[in-house]
Amino acid sequence: GYAGGSAESATLGWLRDSQAKILAAIAQRWPEFAAVAGHGEPIETTGDPRVDDALRALRNPDRDVRQRAAVDLGTVAAPAAATELVARLWTEPDFFVRDTLTWAVTRVADAATPLLQDALTGAAATRTQALHVLSKIKDPATAAAVVPLAADDDPAVAAKARWVLARIGDPRTVPALAAHLGTGDATVRNALTRDLASFGRAAVPCLVAALAGDDVPVRRHAAEVLCRLGAAADSATGALGEALQDADDQVRLSAAMALYGLDTAEALAILTGDAVGDDPRIRAIVRRVMAGSGSGVESGADS
């Protein structure tokens, strides 16, 4: 009469309660031992034994155990695990485990995204990691939360935020990126060139406006990005033609290269006209245009 009866159920309940008290005492007295056993700081349980066991295993000192747990959690993709998964992103010391955790978080993106956005106000390392995961999710709805970080005081955070905006690809964020034209060292400028160029034609209006501005570094950078755009910069043909008269030689050269890259009749006509000036580097581009067209080289372009 014991098996399956109320007495057995009561005994099992007593055993569970006793075990919980013992584990709690161990965790308090010997936290390092509790961590090895996976019974350290309590987790936010989900009610799914497989998920809860994997969440506990994420705190194991053995990186291989944590890696297997991260794989299991990504495979199960339980939204209820999102809070614990995201929290582990900020504390996981191993790069490969953290990378697997990132994948696991993307598998529960709907539940995790609000938590990642909240983390954008945290420490610099936390902001960077949260941005990295958001770049994997690429949800346009997160762009507004990322935009302020494009001007973050921490250069690494700012660079990551600009890269994330390029990955998300919402054209409404182009002005926020274009606001940083001409700033930073060569590495920062090259990264922003890449980020803005990824928007293609959507970036052209902001670049044309910057090309007509008073700040020389900004004009230089805008011309470089237009050059990088290639054929996508066709609507900037007139502005590039005007830039051939710019007071700065780097602006003029980038404008000439951008026009050459367009490879349209209008752009090539501007390059072979009277507006090219006497810069020998631009004259070299003109000679290439003339040679490619099969026309005779005019004396002005050949001088």
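- How far OH of Tyr260 is from CD1 of Ile282: 14.5 Å, rounded to the nearest 0.5 Å.
- Under a 4.5 Å side-chain heavy-atom criterion applied to ILVMFWY residues, the cluster that includes Tyr2 comprises that residue alone.
- Val146 and Val188 fall into different hydrophobic clusters, where Ile, Leu, Val, Met, Phe, Trp and Tyr residues are linked whenever their side-chain heavy atoms come under 4.5 Å apart, directly or through other members.
- Here the OG1 atom belonging to Thr187 is positioned 12.5 Å from the CG atom belonging to Leu192, to the nearest 0.5 angstrom.
- For residues 140-160, the set of pairs meeting the side chain to side chain donor-acceptor pair (under 3.5 Å) definition, not counting sequence neighbours, comprises Arg127-Asp152, His132-Lys160.
- Contact record, Ala81 with Val51: CB-CG1, 3.9 Å, taken as the closest heavy-atom pair.
- Distance check: Leu196 CG to Leu181 CG gives 5.5 Å after rounding to the nearest 0.5 Å.
- Side-chain contact check for Ile285 versus Leu253: some heavy-atom pair is nearer than 4.5 Å.
- In this structure, the side chain of Thr45 does not engage the main chain of Gly47 through any donor-acceptor pair within 3.5 Å.
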Could you pull out every donor-acceptor pair under 3.5 Å between side chains of residues 226-241 and any protein atom, sequence neighbours left out?
residue	atom	partner	partner atom	Å
Asp234	OD2	Arg201	NH2	3.4
Thr237	OG1	Asp234	O	2.6

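- Nearest heavy atoms, Ala223 versus Ser254: CB-CB, 3.5 Å.
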Name the atoms and distances for all side-chain donor-acceptor pairs under 3.5 Å in residues 108-122, with sequence neighbours left out.
residue	atom	partner	partner atom	Å
Thr113	OG1	Ala109	O	2.7
Thr121	OG1	Asp118	O	3.0

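- Counting only heavy atoms from C-beta outward, the side chains of Leu211 and Val218 never approach each other to under 4.5 Å.
- For the pair Arg194 and Trp163, the tightest heavy-atom approach, listed with the atom from each and the gap, is NH2-CD1, 3.4 Å.
- Applying the side chain to side chain donor-acceptor pair (under 3.5 Å) definition to pairs two or more places apart or across chains, those involving residues 173-183 are Arg162-His180.
- Ion pair Glu84/Arg59 flagged as a salt bridge, since at least one NZ, NE, NH1 or NH2 atom sits closer than 4.0 Å to an Asp/Glu carboxylate oxygen.
- The same ILVMFWY cluster, assembled from side-chain heavy atoms under 4.5 Å apart, contains both Leu149 and Ile168.
- By the salt bridge (Lys or Arg N to Asp or Glu O under 4.0 Å) test, Asp94 pairs with Arg63, sequence neighbours left out.
- Atom NZ in Lys136 sits 7.5 Å away from atom OG1 in Thr102 (nearest 0.5 Å).
- Screening residues 165-191 for salt bridge (Lys or Arg N to Asp or Glu O under 4.0 Å), with sequence neighbours left out, gives Asp170-Arg172.
- Contact detail for Ala144 and Pro148: the closest heavy-atom pair is O-CD, 3.2 Å.
- When Asp214, Asp248, Asp246 are each tested for a side-chain hydrogen bond (donor to acceptor under 3.5 Å, both in side chains) with Arg219, only one passes: Asp246.
- Qualifying side-chain hydrogen bond (donor to acceptor under 3.5 Å, both in side chains) partners for Arg50, counting only residues two or more places apart in sequence or in other chains: none.
- With values rounded to the nearest 0.5 angstrom, Trp90 atom CH2 is found 10.5 Å from Leu101 atom CG.
- With sequence neighbours left out, Glu92 forms a salt bridge (Lys or Arg N to Asp or Glu O under 4.0 Å) with Arg66, Arg88.
- A donor-acceptor distance shorter than 3.5 angstrom exists from the side chain of Asn190 to the backbone of Ala186, with no hydrogens or angles considered.
- Take Asp249 and apply the salt bridge (Lys or Arg N to Asp or Glu O under 4.0 Å) test, not counting sequence neighbours, and it matches Arg281.
- Closest approach of Ser135 to Val164, counting heavy atoms only: CB-CG2, 3.8 Å.
- By the side-chain contact (heavy atoms from CB on, under 4.5 Å) test, Val65 is found to be paired with Ala57, Asn60, Asp62, Arg68, residues two or more places apart in sequence or in another chain being considered.
- Here CG of Leu55 is found 5.0 Å from CG of Leu73. Values are rounded to the nearest 0.5 Å.
- In this structure the side chain of Val71 reaches within 4.5 angstrom of the side chain of Thr75, judged on heavy atoms.
- In this structure, the salt bridge (Lys or Arg N to Asp or Glu O under 4.0 Å) partners of Asp53, at least two apart in sequence or on a different chain, are Arg56.
- Annotation for Ser198 and Ala166: closest pair OG-CB, 3.5 Å, computed over non-hydrogen atoms.
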